[in-house]
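Worth knowing before you read on, the calculation uses all heavy atoms, side chains too, and leaves out hydrogens, waters and symmetry mates. Lettering follows sequence order; numbering is per chain, from 1. Being a predicted model, the structure only gives us computed values, none of them experimental.
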Amino acid sequence: MIIENKNFDLKQIAESGQCFRMNPISQNKYYLIAFDRYLELEQLEEDVVEISCSEEDYNKIWKNYFHLDFDYGSIVDKLVSGTDNFLKEAAKYGKGIRILRQDPFEMLISFIISQNKNIPAIKSCIEKICEVYGNKTEDKTTGKVYYTFPTPNKLAEAKKEDLRALKLGYRDEYIIEASRAVYLGKIDLEALKACSHEEAVKTLKSIKGIGDKVANCISLFGLHHIEAFPIDVWMKRVLSEYYDNKFDTALYQGYAGIVQQYMFYYIRHVHGVNN
DNA sequence: ATCCAGGGAGCCT
DNA sequence: AGGCTCCATGGA
């Protein structure tokens, strides 16, 4: 079905570093694996996207997933007409980005894997985990075969040596411990959606292998706390090169995570990163 | 070949 | 609170 929505750009979303299983098929066309489902999307024109799903699934799942009921335009307008020159350019450049509502457990594991890796390496590790611990599935609409993201149970039972064989490095025990915490109910990810961002970060950081940055990414991309503000090497670069390390997130109270995504996406572009 | 990546734990001031 | 060092590995 065809979706018309402003500030909805597949390329920008796929390259924004928040999702690791959305990749190009051809020019303007992407596939996405999320919630055990496979989806194809094509950017027909600016603000017009064709999605390979029924209207029912769109309303039930994907509208929510892409945060399409939220007005990004007013935030972009505010930044573009504001006094912060870096944000002015950043918002202009990434105005089609949306913060996805992704599966919390998938984000938990994905961002544990992400530490000290570049995005292509993260993607490759995640695909390997899915191939070994996920379910092989065939999409009825397109006939494409894909692997779902593993359940907490499956990863909780994984052996350290087996994960190490997938080249996850020292993150193997972090993954197993985090999966056990979720499987055993010590960490209730659904409950963390309902509580505050600060409380969620505090709880996530109690898991070994999760520090401030990863916790903020999980909070932003998995729990949809859009006030989260993850600071990675790219954001450190922005904050020191453009703000003398004095950026005030309080100016963007309640939606700092969206501002963060514009900054992250733009600074990588400025430095010529192409993945 | 060398550097670096959507970092964090452990240890030291 | 802030600064080291080490960690395992692949992409650029």
Within the structure shown, what part of the strands sits under 4.0 Å from A:Ile231 by heavy-atom distance: base, sugar-phosphate, or nothing? nothing

Expressed as a whole number of Å, how far does the P atom of B:dC3 sit from that of C:dT5? 16 Å

Within this structure, what is the CD1-to-C1' distance between A:Ile119 and C:dA12, rounded to whole angstrom? 13 Å

Proximal nucleotide (of B:dG6, B:dG8, C:dA8) relative to the A:Gln115 side chain: B:dG8

Regarding B:dG7, can its base be found pairing with the side chain of A:Tyr170 as donor and acceptor, where the two atoms are less than 3.5 Å apart? yes

Give me the distance, rounded to whole Å, that separates C:dC6 from B:dG6 when you measure between the P atoms they each carry. 23 Å

Counting the atoms with a prime plus P, OP1 and OP2 as sugar-phosphate, which does A:Asp172 contact under 4.0 Å by heavy atoms, base, sugar-phosphate, or nothing? nothing

From B:dG7, C:dG10, B:dG10, pick the nucleotide closest to the side chain of A:Lys208? B:dG10

From CD1 of A:Ile113 over to P of C:dA8, roughly how many Å is that when rounded to an integer? 17 Å

Distance-only side-chain donor-acceptor flag, A:Asp84 / A:Tyr243, under 3.5 Å: yes

In whole angstrom, what separates A:Asp232's CG from B:dG7's C1'? 10 Å

Interatomic distance where CZ belongs to A:Arg171 and P belongs to C:dC7 [whole Å]: 13 Å

B:dG7 to C:dA12 separation - P atoms, rounded to the nearest Å: 16 Å

How many Å lie between CG on A:Asn245 and C1' on C:dG2, as a whole number? 14 Å

Indicate yes or no: does A:Lys136 engage A:Glu131 in a salt bridge with an N to O separation below 4.0 Å. no

Would a line drawn from the ring center of A:Tyr146 to the ring center of A:Tyr31 be shorter than 6.0 Å? no

Rounded to whole Å, CD1 of A:Ile210 lies from P of B:dG6 at a distance of 18 Å

Distance only, no hydrogens: is a donor on one side chain within 3.5 Å (strictly under) of an acceptor on the other, for A:Gln18 and A:Ser16? yes

Considering every strand and a 4.0 Å limit on heavy-atom distances, what is the contact class for A:Pro120: base, sugar-phosphate, or nothing? sugar-phosphate

Whichever of A:Asn275 and A:Gly169 has its nearest DNA chain C nucleotide further upstream toward 5': A:Gly169

Is any side-chain N of the basic residue among A:Arg164 and A:Glu161 closer than 4.0 Å to the acidic one's carboxylate O? no

Identify whether a stacking contact exists between A:Phe264 and B:dG6, where the ring centres must be under 5.5 Å apart and the planes under 30° apart. yes

Has A:Glu138 got more than 12 heavy atoms of other residues, nucleotides or ligands less than 6.0 Å from its CD? yes

Quick check: on DNA chain B, is the nucleotide nearest A:Tyr174 upstream (toward 5') of the one nearest A:Ser16, or the reverse? Name the residue that is more 5'. A:Ser16

So what does A:Gly17 touch, heavy atoms closer than 4.0 Å: a base, only the sugar-phosphate, or nothing? base

Regarding A:Gln261, tell me which of base, sugar-phosphate or nothing describes its non-hydrogen contacts under 4.0 Å with the strands shown. base

Find the distance A:Arg237:CZ to B:dG7:C1' and express it as a whole number of Å. 14 Å

Is the gap between the ring centers of A:Phe229 and A:Phe247 under 6.0 Å? yes

Base, sugar-phosphate, or nothing for A:Phe221, non-hydrogen atoms under 4.0 angstrom? base

Considering every strand and a 4.0 Å limit on heavy-atom distances, what is the contact class for A:Lys117: base, sugar-phosphate, or nothing? base

Just the rounded figure in Å: distance from P of B:dG8 to NZ of A:Lys236. 8 Å

Please list every stem that involves DNA chain C, where a stem is a run of 3 or more consecutive Watson-Crick or G-U wobble pairs with both pairing distances under 3.5 Å. B:2-5 with C:9-12, B:7-13 with C:1-7

Using a 4.0 Å heavy-atom cut-off, does A:Ser110 contact any base of the nucleic acid, only the sugar-phosphate backbone, or nothing at all? nothing

Around atom CD of A:Glu198, are there more than 12 heavy atoms from other residues, nucleotides or ligands closer than 6.0 Å? yes

N-O pairing of A:Glu46 and A:Lys95 below 4.0 Å: yes

